[in-house]
Number of protein chains: 2
Amino acid sequence: MNRPMRSRRQATLASLAAELGVSRTTVSNAYNRPDQLSPELRKRVLETAKRLGYAGPDPVARSLRTRKAGAVGLLLTENLSYAFRDPAAVGVLEGLALACEDAGVGLTLVPGSPGNEDVAAVHRAGVDGFVVYSVPDDDPHLEAALQRPVPTVIVDQPQLDGMDRVGPDDEAATVDLANHVVGLGHRQVGVLCMRLSSDRNDDFASLYRQQDAHYHVQRARLAALQRTFEAAGVSWESVPVVERFDHHVDDGASAARQLLDKHPRVTALICTSDILALGALAEAGRRGLRVPADLTITGFDGIGEATRAGLTTVHQPVLEKGKAAGKLLLGAGDRVASKVITLPTELRVGTTSGPPRTAEQHWFGP
Amino acid sequence: MNRPMRSRRQATLASLAAELGVSRTTVSNAYNRPDQLSPELRKRVLETAKRLGYAGPDPVARSLRTRKAGAVGLLLTENLSYAFRDPAAVGVLEGLALACEDAGVGLTLVPGSPGNEDVAAVHRAGVDGFVVYSVPDDDPHLEAALQRPVPTVIVDQPQLDGMDRVGPDDEAATVDLANHVVGLGHRQVGVLCMRLSSDRNDDFASLYRQQDAHYHVQRARLAALQRTFEAAGVSWESVPVVERFDHHVDDGASAARQLLDKHPRVTALICTSDILALGALAEAGRRGLRVPADLTITGFDGIGEATRAGLTTVHQPVLEKGKAAGKLLLGAGDRVASKVITLPTELRVGTTSGPPRTAEQHWFGP
DNA sequence: CTGAAAGCGCTAACAT
DNA sequence: ATGTTAGCGCTTTCAG
């Protein structure tokens, strides 16, 4: 037995009141409105409670009565390992958790695997609202959350009219980054990006697939790259874009390998996340390519490990993102208009970007 | 307005039944026991529900009735940034989340700042059980959880008699690691460790403080080091141990700095976590110390970044740890005996440990 | 300061 | 296959 033995049935507020010979109101007040009864009586109540092993009013019953669950739900439709393995995602989680802690409410992770049409968990979650983090444009779990009579705020994606949302300006941030790369002189570039759709494609992504991506964030970043490079005279058709369904460092490495194998003359690898960039960095090392002398590599997010690795990247305030989402939700009240919060980003030039190797330069490959 | 307008009051199961002219049972069955009513009727129910904007039975009311909250609580007494910034902790979280997802229950993060005596959140959480992750030996939140009439399992620490627990054998794992360092020939070593008590001490930790640590894990690791090094003829009194209250890479760096400033002849730095070790690595680099030629550095946990950095460390299966805790809790049922699950660990020798520099070797300091 | 009464919205026997 | 009945444990007016 991993709990102390309990005599028969668990004590309830009513049984405690009976034992004490007072009304249930009084016991309830002892817990919820200490000022409504004499200190002595309150003390007596609390002592008897302890003696009976009564730990206080049942949270669920209280929630039913007060119509407040005392928790917000976080909907993570990506498979969990995405949410937990990317420090950028974890940062959002942390920020949200902080906001919840401030408000004294719990944060409930609501399961919902991608592709899994089982929306039941969304319906069964006892929460006062949902934060939906980075799900595809047409996610059934999101739809289910919207059905529930509680407020919902979206983080990053999708971008839906009339919905509360918080996220960076992916397009503008990416344009900055792209201009940096263009400014260094790169014209032969490659791109590593994350999942563009719920069907797996660990391969090059066609232009159509890029533009049709079900994930707004990736779509926006790719579009920004396209726009900036075409403005610099680079035909986007000629730019190889490799996609990865999963999102670990190893995936970045394999994507870089795939891209460089086919396009060895590329001088810069632009990655839509730091995780992918970290993998690309590893692959570059494996190939004996010097960064940035032989290859420029950039990321997106500004996670700690990227900073430590000197990665050129776009930093976004992930903690603030989570916090903002929490505050928005918790303060939703009876707001009339929907609110969109755009977070600032910052281009952080590190040691992984530099001018392209010139044609005459000797290539120090393996 | 971030939600579609709802007519007056939210529909309930009862109002839906009334509208349909059927009993509440029937409506309930339509959601919970589809086989208990004709497909046509069920279809009619669901359609009317949609028309009325009824998203299904209220989770809280259902929980009250069924006596199942449908969620497990995770008690993180460390400040949240510890839980979220250390991939080892996040791994536990992920494993637990996976186990919960499997079981179709939510995972509720229950706030409880350290030092914060506000145990209310623990009492207010609507959960069917608690997983308590790595809290100090005498944590009030843990006590509060134990008060509640639900099962509890502890991850890592504290080690309490008669309680379900899952964690590695910290002592044995550390002995292995220490033997590796001893075997390389190191006799002048230093240690960087995590918080030993809830009072902040970002400084050297006395022998007394080490042995009196309120955190079982740190205590066990330090004790194992002491035992192993004394067996090798090293007086533990002479071994500097620097403690850090917070747990970020920068803390590891500053701890290493503090230690090396005072004890420059140390040839190995044993860190009780990878995070600290990563910081030590950075500091070594800053000082121009070559690792492992000038300084051996070891960690503990086996997080991804450590692997990528080639750190010699003890790997523990954090994901499994979380999963095991979840399964243990979810399967608690009416088990009679308490269960303790000890997870395997593995010494992973990387490129950061080697023989000590010999006295004659030139020291390439700054 | 304390008590009595009235549900919150739902499910689970137990009928029919 | 559907309905009737009886609460789950609590909070909250409203009276005393």
Side-chain angles (χ1 to χ4, degrees), chain A residues 6 8-45 48-49 52-70 120 123-128 148-150, chain B residues 6 8-45 48-49 52-70 120 123-128 148-150:
Chain A
R6 303 188 283 282
R8 296 172 301 160
R9 213 152 186 314
Q10 189 56 27
T12 70
L13 184 144
S15 71
L16 182 53
E19 171 87 16
L20 282 157
V22 302
S23 80
R24 305 196 308 246
T25 307
T26 301
V27 178
S28 176
N29 283 338
Y31 286 96
N32 302 317
R33 308 174 151 186
D35 51 314
Q36 296 295 294
L37 73 178
S38 65
E40 306 81 58
L41 180 53
R42 181 169 133 92
K43 192 168 156 236
R44 203 155 68 83
V45 171
T48 311
L52 262 50
Y54 180 70
D58 179 290
V60 174
R62 164 187 276 151
S63 289
L64 176 58
R65 185 58 238 239
T66 60
R67 320 238 20 93
K68 304 220 112 307
H123 283 128
R124 299 189 114 88
V127 298
D128 298 317
R148 294 268 311 256
V150 295
Chain B
R6 301 186 284 283
R8 295 173 301 163
R9 212 151 189 312
Q10 188 56 25
T12 70
L13 185 143
S15 70
L16 181 54
E19 170 88 15
L20 281 156
V22 303
S23 81
R24 305 197 306 254
T25 306
T26 300
V27 178
S28 176
N29 282 339
Y31 286 97
N32 304 316
R33 308 175 149 184
D35 52 314
Q36 297 294 292
L37 73 178
S38 64
E40 306 82 57
L41 179 53
R42 182 169 133 91
K43 194 171 155 231
R44 202 154 70 81
V45 171
T48 312
L52 264 51
Y54 179 70
D58 179 290
V60 175
R62 163 189 275 151
S63 289
L64 176 58
R65 184 59 238 234
T66 60
R67 321 231 22 84
K68 304 223 116 303
H123 282 129
R124 299 189 113 88
V127 297
D128 298 318
R148 294 266 311 257
V150 296

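Remember, predicted model here, so these are calculated numbers, not experimental data. Proteins get letters first, then strands, A, B, ... in listed order; numbering begins at 1 in each.
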Practice task
Drop me the distance from B:D58's CG to A:R148's CZ, to the nearest 0.5 angstrom.
Solution key: 7.5 Å
Exercise for the section: Could you state the atom-to-atom distance from CZ of A:R124 to C1' of C:dT11 in whole Å? Expected result: 12 Å
Problem - Length of the line joining A:L64:CG and D:dT11:P, which is rounded to integer Å - result: 11 Å
Handout entry: Rounded interatomic separation in angstrom, taking NE2 from A:H123 and P from C:dC10
Key = 13 Å
Handout entry: Separation of B:T26 OG1 from B:Q36 CD (nearest 0.5 Å)
Key = 10.5 Å
Handout entry: Nucleotide D:dC10, atom C1' - distance to CG of A:L13 in whole Å
Key = 7 Å
Exercise for the section: Could you tell me the separation between the OH atom of A:Y31 and the P atom of D:dG9, rounded to a whole number of Å? Expected result: 15 Å
Exercise for the section: Consider the side chain of A:T66, meaning its heavy atoms from C-beta on, and name the nucleotide among D:dT11, C:dC10, D:dG9 that approaches it most closely. Expected result: D:dT11
Practice task
List in chain and number order the residues that pass side chain to side chain contact (heavy atoms under 4.5 Å, CB included) with A:K43, two or more places apart in sequence or in another chain; answer none if no residue qualifies.
Solution key: A:E47
Handout entry: Interatomic distance, B:Q10 CD vs C:dG9 P [rounded to whole Å]
Key = 10 Å
Practice task
Verify the neighbour count for atom CZ of A:R124: are there more than 12 heavy atoms of other residues, nucleotides or ligands below 6.0 Å?
Solution key: no
Completion exercise
Distance col, row B:T48:OG1 vs B:L20:CG, nearest 0.5 angstrom, shows 4.0 Å
Practice task
For DNA chain C, determine which residues of residues 54-63 of chain A have any heavy atom closer than 4.0 angstrom to one of its atoms, and list them numerically.
Solution key: none
Handout entry: Residue pairs passing the salt bridge (Lys or Arg N to Asp or Glu O under 4.0 Å) test where at least one lies in residues 24-37 of chain A, sequence neighbours excluded
Key = none
Practice task
Looking at every strand, decide which applies to A:L37 at a 4.0 Å heavy-atom threshold: base, sugar-phosphate, or nothing.
Solution key: sugar-phosphate
Practice task
Give a yes or no on whether the backbone of B:A69 and the side-chain of B:D128 come within a donor-acceptor separation of less than 3.5 Å.
Solution key: yes
Completion exercise
Taken in chain and number order and not counting sequence neighbours, the residues that satisfy side chain to side chain contact (heavy atoms under 4.5 Å, CB included) with A:S28 are A:L13, A:N32
Problem - Distance in angstrom units between A:E40 CD and C:dT2 C1', rounded - result: 14 Å
Problem - Between C1' of C:dC14 and CD of B:Q36, the distance in whole Å - result: 13 Å
Report each atom pair, protein N/O against N/O of nucleotides 3-6 of chain D, whose distance is under 3.5 angstrom.
from  : atom 1 : to    : atom 2 : distance (Å)
D:dG3 : OP2    : B:S23 : N      : 2.9
D:dG3 : OP2    : B:S23 : OG     : 3.4
D:dG3 : OP2    : B:T26 : OG1    : 2.7
D:dT4 : O4     : B:T25 : OG1    : 2.5
D:dA6 : N6     : B:R24 : NH2    : 2.9

Problem - Partners meeting side chain to side chain donor-acceptor pair (under 3.5 Å) with B:T25 (sequence neighbours left out) - result: none
Problem - Residue met sooner reading DNA chain D from 5', once B:D35 and A:V27 are mapped to nucleotides - result: B:D35
Exercise for the section: Tell me which nucleotide among D:dG9, D:dT2, C:dA12 gets nearest to the side chain of B:R33. Expected result: C:dA12
